[in-house]
There are 2 protein chains.
Amino acid sequence: MAGNRATKILSVKDQIAEQLRSDIISGEMPPQTKLNEKELAERFGLSRGPIRDVILQLTKEGLLISRNNCGASVNSVLEPKLQRLMIKLRRSIEEYAITELNGNLTDQNIAELEGILASLEDALDREDYTEVTKIDISFHQYLIYQAGGEELVNIWYPYVMRMRLNYKRITSSSECVNEHRAILEALKAQDSAAAVKAVKHNIK
Amino acid sequence: MAGNRATKILSVKDQIAEQLRSDIISGEMPPQTKLNEKELAERFGLSRGPIRDVILQLTKEGLLISRNNCGASVNSVLEPKLQRLMIKLRRSIEEYAITELNGNLTDQNIAELEGILASLEDALDREDYTEVTKIDISFHQYLIYQAGGEELVNIWYPYVMRMRLNYKRITSSSECVNEHRAILEALKAQDSAAAVKAVKHNIK
DNA sequence: CTATTGTAATGTGTTGACAATAGACCATTC
DNA sequence: GAATGGTCTATTGTCAACACATTACAATAG
C-alpha cells in the first residue's frame, strides 16, 4: 500500500451536516435559532435540495426540530429527567462497545487512538474548544464503530449530540485528556472492568 | 368538544413512510430488496423529491441502508449481540416511560389504551398480522409519547423497527393480548413494579 | 481464453421554477 | 378597544429536467 492513512471522502451532504453540527454545538446557533433553507443554500453555494436533506438528517439526530411548513429550528435543551435517561442509554452502548472490543484491538487501532488523544491535547493547548469537542466525540466514535460498525454509530450518535447541546462548557483541560487516556490505558491492558469504569466516569 | 377522538392529520411523507414500513415489516420487501426512487414515485403518484426524503428518514430509523450513488435497500437482520443490546436499550426506555407515567394517567388515557387493546383483539380475530404488529407498536408508542413526547418517541422508534425486522413471526394470539392487558392493568392499579415487569416480559 | 479497458444504460444527485401554506399585518365590525 | 376576517409576503413543499456516478456489458489486447 502506498499510504496507510485512508483519506476519507465525505459526501457533500455530510460536510454540510458536519458544519451545521459545529455551529450548533459551538453555541453559534443557540436553541430556537430558525434555519432558513434559502439562506443556507446561498451560504454553501448549493440549491435547497441538499440543504433540506441535511436538515432532515439533523432533525432525526435530535439537534433540530421541524414542523410542517414552518421550517426547522435548533432544538432546546432536554429536561433533566430525559437527560439522565439519555446518559444511561449512552453508557449502556459504550459499555457494550468496550466489552466487545476488549482484547480485540489491533496495534493499529491503538496507534490511531493515541493519535486522536494527541490531537486532543493539541486542540486544548490552542484553546480551540469547538475542535476539542469534535475530537472528544471522534475518540468515542472510533470505539463505537470498531465494536458495532455504522449501525451502532447511528443509534449512538443522537445521544452524544443531544448531550452536547446541554453541556456546552468544557471540563478542565487536564481532566478531559486524563479521562480519555485512562480509557485507552485500560484497553491496552485488556482490563475490561477498568475500561468500562473509565468510560462511565467520562460520560456525564 | 364535538368529538373526543382527534383525527390525526398525517403529512404526505409520513403516509408514504408508514406504507413502506408496513411493506418491510410484513415481509413483502425482504432484506436486500433494492428501492428504486422513480418506481416508488410512480407508485405513489409523486415526484422523486418526497420519496427521497422518506428514504432518508427510514435510513435513519435503521430500516433501510443506503450508500452514496448506489441507492437504498432493506437492511438485513441484526447480529445477535447487537440485537440483545437493542432489546436492553428499548427496555430501559420503556421502563422509564412506565415509571414516569405511574399515577399520572388520566381516565381518557386509560380509555384510549383500552381502545387500542380492543382493536388489537379485533385484528387478531381477522388474522391480519401486519395490522396486529402496527397496533402492538402503537400501544407502546402511546405510552412513550405520554411520558416523553415526540423527542422520546424519536429515539425509541428505531429500536422497535429494527427488532421487528428480526422477529417477523407473531407470538400466539392470546399471549399478545394478555401481555398488553397485563401492562394496562398494572398501570390502572398504579403498581409501578408490576407494570415494569409486564413491559419487560413483553419486549423480547 | 483471460484480463483490462472503453462504452452504454440505469439510477442517483442536484438544480431552478412553480404551487401551497403559515404567519404577519391591516381593515372592519361588534 | 378587542376580536374577527381578509389580504399579502415570506418560506416551505413539490415538480420536472439536467448533471453526474455507478454498474454491466462488450470490445480489445495480451
Side-chain angles (χ1 to χ4, degrees), chain A residues 1-2 6-21 23-24 29-76 150 154, chain B residues 1-2 6-21 23-24 29-76 150 154:
Chain A
M1 226 189 297
T7 45
K8 202 150 193 184
I9 302 288
L10 288 173
S11 74
V12 173
K13 286 188 291 189
D14 283 344
Q15 291 177 61
I16 307 223
E18 197 55 41
Q19 182 62 49
L20 287 182
R21 284 193 204 101
D23 291 349
I24 295 172
M29 296 174 70
Q32 264 82 53
T33 305
K34 285 197 67 175
L35 282 85
N36 185 309
E37 294 180 357
K38 193 178 159 194
E39 220 171 75
L40 289 172
E42 284 166 5
R43 170 177 162 197
F44 291 110
L46 293 168
S47 70
R48 280 174 49 218
I51 302 290
R52 286 173 61 82
D53 287 357
V54 171
I55 287 179
L56 212 69
Q57 189 170 338
L58 296 187
T59 299
K60 272 289 157 192
E61 283 174 19
L63 280 180
L64 302 180
I65 184 167
S66 32
R67 281 173 17 203
N68 258 359
N69 288 307
C70 297
S73 52
V74 178
N75 209 346
S76 50
E150 204 172 339
N154 273 335
Chain B
M1 225 189 304
T7 45
K8 202 152 193 184
I9 303 288
L10 289 173
S11 74
V12 174
K13 286 187 293 190
D14 284 344
Q15 290 177 62
I16 309 232
E18 197 57 38
Q19 183 62 48
L20 286 183
R21 285 194 203 100
D23 291 349
I24 294 171
M29 295 175 69
Q32 265 84 51
T33 306
K34 285 196 67 173
L35 282 83
N36 184 309
E37 294 180 357
K38 193 175 157 196
E39 217 171 77
L40 288 171
E42 282 167 5
R43 169 177 162 196
F44 291 109
L46 294 167
S47 72
R48 280 174 48 215
I51 300 291
R52 284 173 62 82
D53 287 356
V54 170
I55 288 179
L56 212 69
Q57 188 170 339
L58 295 188
T59 300
K60 273 288 159 192
E61 283 175 19
L63 280 180
L64 302 180
I65 184 166
S66 29
R67 280 172 16 202
N68 257 1
N69 289 308
C70 297
S73 52
V74 179
N75 209 345
S76 50
E150 204 172 338
N154 273 337

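Please read these numbers as outputs of a predicted model, since none were measured by experiment. Per chain, numbering begins at 1; letters A, B, ... match sequence-line order.
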Subject >> Partner residues of A:Arg48 under the salt bridge (Lys or Arg N to Asp or Glu O under 4.0 Å) criterion, sequence neighbours left out >> reply: A:Glu37
Original post:
Residues two or more places apart in sequence or in another chain: which of them pass side chain to side chain contact (heavy atoms under 4.5 Å, CB included) with B:Gln15?
Top reply: B:Leu10
Subject >> A:Gln19 versus A:Asp23, side-chain donor and acceptor atoms under 3.5 Å >> reply: yes
**OP:** Could you list the residues that satisfy side-chain hydrogen bond (donor to acceptor under 3.5 Å, both in side chains) with A:Asn36, not counting sequence neighbours?
**Re:** none
Subject >> Contacts of type side-chain hydrogen bond (donor to acceptor under 3.5 Å, both in side chains), residue A:Glu61, not counting sequence neighbours >> reply: A:Arg21
**OP:** Just report the end-to-end axis angle for the helix from C:dC1-D:dG30 to C:dC30-D:dG1, five pairs per end, to 10 degrees.
**Re:** 10°
**OP:** Name all residues meeting the side chain to side chain contact (heavy atoms under 4.5 Å, CB included) criterion together with B:Ser47; count only those two or more places apart in sequence or in a different chain, and write none if there are none.
**Re:** B:Pro50
**OP:** Quick one, give me the B/S/- string for nucleotides 7-18 of chain C, reading 5' to 3', where B means a protein heavy atom under 4.0 Å from the base and S means that only happens at the primed atoms, P, OP1 or OP2.
**Re:** ----SBBBB---
**OP:** Report the residues that fulfil side chain to side chain contact (heavy atoms under 4.5 Å, CB included) with B:Gln32, sequence neighbours left out, ordered by chain and then residue number.
**Re:** B:Ser76
**OP:** With a 4.0 angstrom cut-off to heavy atoms of chain A, pull out the first and last contacting nucleotide of DNA chain D, in 5'-to-3' order.
**Re:** D:dT11 to D:dT14
Subject >> Pairs touching residues 62-71 of chain B that satisfy side chain to side chain donor-acceptor pair (under 3.5 Å), sequence neighbours left out >> reply: B:Thr59-B:Ser66
**OP:** Could you pull out all residues at least two apart from A:Thr33 that satisfy side-chain hydrogen bond (donor to acceptor under 3.5 Å, both in side chains)?
**Re:** none
Subject >> A:Asn154: side chain to side chain contact (heavy atoms under 4.5 Å, CB included) partners, not counting sequence neighbours >> reply: A:Glu150, B:Lys60
